[in-house]
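Input: a single structure, listed below in structure tokens.
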Amino acid sequence: MTFNLSKRSRARLVGVHPDLVAIVERAIQITGVDFMVTEGLRSVTRQKELFAAKATRTMNSRHLTGHAVDVAAMVAGEVRWDWPLYPRIAQAFKQAALERGTPIIWGGDWKSLKDGPHFELDRKAYP
Ligand SMILES: [Zn+2]
């Protein structure tokens with residue numbers, strides 16, 4: 001089974017760093033779980049709204065600079081938030097990142113408040 005990025009997913013990659021876009025485009029080719037892009041570049045206004053709602057802990061988000069994307073797992077055309085799907089998507093992202101030599105961070109690897117849908121370019125290489 002191979003998957004493709006939808007038009008909506010592609011539209012949400014506008015303004016995202018090209019190295020991260022390349023990883024998303026490769027990940028969709030090799031993933032065992034379909035996914036859509038739910039968010040890429042985020043405005044300060046939206047970040048403030050999310051912060052106020054406690055949906056994010058930071059005003060220093062990588063989304064503000066186009067260094068992060070969020071995805072949602074899709075099963076049979078439906079968005080699913082079941083945790084086991086996300087390490088499988090992350091596997092595809094990590095494989096794509098390895099192939100390109102682009103260091104990325106998966107939010108699911110964070111020690112506190114894991115963020116399974118979130119991927120970002122490593123600050124060490126992409127300040
Ligand atoms: Zn995110």
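Whatever order the structure lists ligands and atoms in, that order sets their numbers, starting from 1. Note that the structure is predicted; figures quoted are calculated from it, not measured.
Taking Phe3 as the reference, nothing meets the ring-ring contact (aromatic ring centres under 6.0 Å, His included) condition, with sequence neighbours excluded. Partners of Arg12 according to the side-chain hydrogen bond (donor to acceptor under 3.5 Å, both in side chains) rule, which considers only residues two or more places apart in sequence or in another chain, do not exist here.
Residues Phe35 and Phe93 place their aromatic rings such that the two centres sit under 6.0 Å apart.
A side chain to side chain donor-acceptor pair (under 3.5 Å) check over residues 88-98, counting only residues at least two apart or in different chains, returns the pairs Lys94-Asp109, Gln95-Glu99.
Of all protein atoms, those that are N, O or S and lie under 2.8 Å from the Zn ion (ligand 1) total 3.
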For a side-chain contact (heavy atoms from CB on, under 4.5 Å) check, start with the C-alpha distance between Tyr126 and Asp19, then their side-chain angles and the critical distance, and finish with the verdict. CA-CA 10 Å; Tyr126 295 86; Asp19 290 356; 2.5 Å; yes
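Leu20 pairs with exactly one of Leu121, Thr102, Leu13 by the side-chain contact (heavy atoms from CB on, under 4.5 Å) rule, that one being Leu121.
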